[in-house]
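Both backbone and side-chain heavy atoms feed into the values below; hydrogens, waters and symmetry mates do not. Quick caveat, the model's predicted, so the values are computed rather than measured.
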There are 2 protein chains.
Amino acid sequence: MTHYPASILNLIKHISKLPGIGEKTAERLALHILRSPRKDAHQLAQSIVEVKDKVRSCSKCYGLSDSDLCKICSDPTRDRSLVCVVEQPADMVAVEKSGAFRGLYHILSGVLSPMDGIGPDDIRIRELITKVEDHQVKEVVLATGTNVEGESTAVFIAQRLQKYPVKVTRIASGVPIGGDLKYVDQVTLKKAMETRHDV
Amino acid sequence: MTHYPASILNLIKHISKLPGIGEKTAERLALHILRSPRKDAHQLAQSIVEVKDKVRSCSKCYGLSDSDLCKICSDPTRDRSLVCVVEQPADMVAVEKSGAFRGLYHILSGVLSPMDGIGPDDIRIRELITKVEDHQVKEVVLATGTNVEGESTAVFIAQRLQKYPVKVTRIASGVPIGGDLKYVDQVTLKKAMETRHDV
């Protein structure tokens with residue numbers, strides 16, 4: 001690897017810092033960038049710098065935004081009485097892709113995790129409660145992950161919201177659509193069986 | 001995907017132009033860059049720009065270099081009577097990694113390929129002959145690929161060099177037939193270099 005000029009080695013080093021990119025792939029990508037038109041390379045570099053400079057937290061939902069309010073929070077057609085609580089901006093994008101939700105979001109920026117020293121004050125639970133107190137929220141949909149941390153965060157938030165006149169719901173868990181039953185893990189199947197409903 | 005702010009969509013678009021990077025991976029990498037420290041993102045962007053600005057062809061071997069002469073051509077300990085002919089800079093790096101060659105290189109920047117309209121004047125065969133005429137080259141090692149184009153390029157060069165008082169050898173086909181030199185493991189390449197034979 002040391003047989004490349006310093007600037008190529010430098011590029012390989014920085015590319016291989018990206019998650020899931022090994023040294024071989026980094027070498028391949030670096031040589032591709034070297035061969036590609038100068039304009040393409042500059043646009044790539046520019047877009048990396050811009051994403052750090054432009055993207056900030058939406059002041060309302062804490063999602064990713066290029067401006068003070070994100071596209072969803074500033075959309076007048078969204079149902080402001082519905083708030084979906086997710087862990088990360090990428091989760092919000094996943095829910096949006098499903099097309100099944102037309103309300104607003106609230107991004108916690110994490111989950112409760114005593115093992116990692118993350119408590120209720122480290123994620124945006126206080127901000128969620130303020131929202132419930134201030135606005136006309138009728139339903140809070142808890143869409144945190146279905147692992148231990150996600151579940152306990154959902155339970156914790158549900159308890160905190162008990163004293164407010166707001167409906168608190170949790171997204172259903174069960175067998176993924178299109179999935180083959182024999183490949184589904186036992187815990188999921190157990191959950192799906194326990195929460196079975198009338199057809 | 002359209003649920004991201006414009007600057008993130010822009011970054012995803014440019015990352016997914018890289019070879020072997022699909023839209024999902026591009027999304028994952030873009031979000032990683034967004035989360036990573038500003039310094040890291042700037043260093044990555046900077047290294048992309050620098051590789052295009054700094055890297056040029058070595059004026060002697062036509063390999064990748066940050067300066068007029070590459071590290072190998074300017075190394076006084078290399079054997080100047082030996083010249084290894086390869087197709088691409090990455091092939092030179094592969095041979096270097098094998099550690100079996102201590103001479104200089106000559107990068108053709110391609111292979112003869114009548115199908116693609118690439119003839120003898122489109123790759124650096126003339127420059128190789130000039131080198132043989134001008135310098136004290138005693139042996140030319142042909143290390144082009146072992147596919148049809150690589151083999152015929154080797155044969156063509158051997159024929160062109162027949163009239164000069166220079167030994168022309170070909171790396172042994174320990175290299176898998178149809179293989180691309182830069183993907184061959186180092187031990188195989190070393191073996192092939194050691195058992196090179198007269199053409």
Is it the backbone or the side chain of [X] that comes under 4.5 Å from a heavy atom of chain A, or both, or neither?
X	result
K52(B)	both
R35(B)	backbone
I33(B)	both

Side-chain heavy atoms nearer than 4.5 Å, only ILVMFWY residues, links allowed to pass through others: does that put [X] and [Y] together?
X	Y	result
F156(A)	L161(A)	yes
L82(A)	L128(A)	no
L9(B)	V95(A)	no
L142(A)	L112(A)	yes
V86(A)	L31(B)	no

Compute whether any side-chain donor of one residue and acceptor of the other, for S47(B) and N10(A), lie under 3.5 angstrom apart. no
Counting heavy-atom pairs under 4.5 Å to chain A, which of [options] comes out on top?
options	value
C70(B), S36(B), G20(B)	S36(B)
M92(B), H42(B), K71(B), H32(B)	H32(B)
L18(B), I15(B), L34(B)	L34(B)
E50(B), R28(B), K13(B)	R28(B)

Do the side chains of V93(A) and E27(B) get nearer than 4.5 Å, heavy atoms only? yes
Structural part of [X] lying under 4.5 Å from a heavy atom of chain B:
X	result
L44(A)	both
I21(A)	side chain
K17(A)	both

Which heavy atom of [X] sits nearest a heavy atom of [Y], and at what distance?
X	Y	result
P19(A)	L29(B)	O-CD2, 3.6 Å
A41(A)	I48(B)	O-CG2, 3.4 Å
R38(A)	D53(B)	NH1-OD1, 2.6 Å
L64(B)	P5(A)	O-CG, 3.3 Å
L11(A)	V51(B)	CD2-CG1, 3.6 Å
V55(B)	S7(A)	CG2-OG, 3.0 Å

Crowded around Q136(A) CD? As in, over 12 foreign heavy atoms under 6.0 Å? no
R126(A), CZ atom: more than 12 neighbouring heavy atoms under 6.0 Å: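 At most 12 heavy atoms, drawn from other residues, nucleotides or ligands, come within 6.0 Å of this atom.
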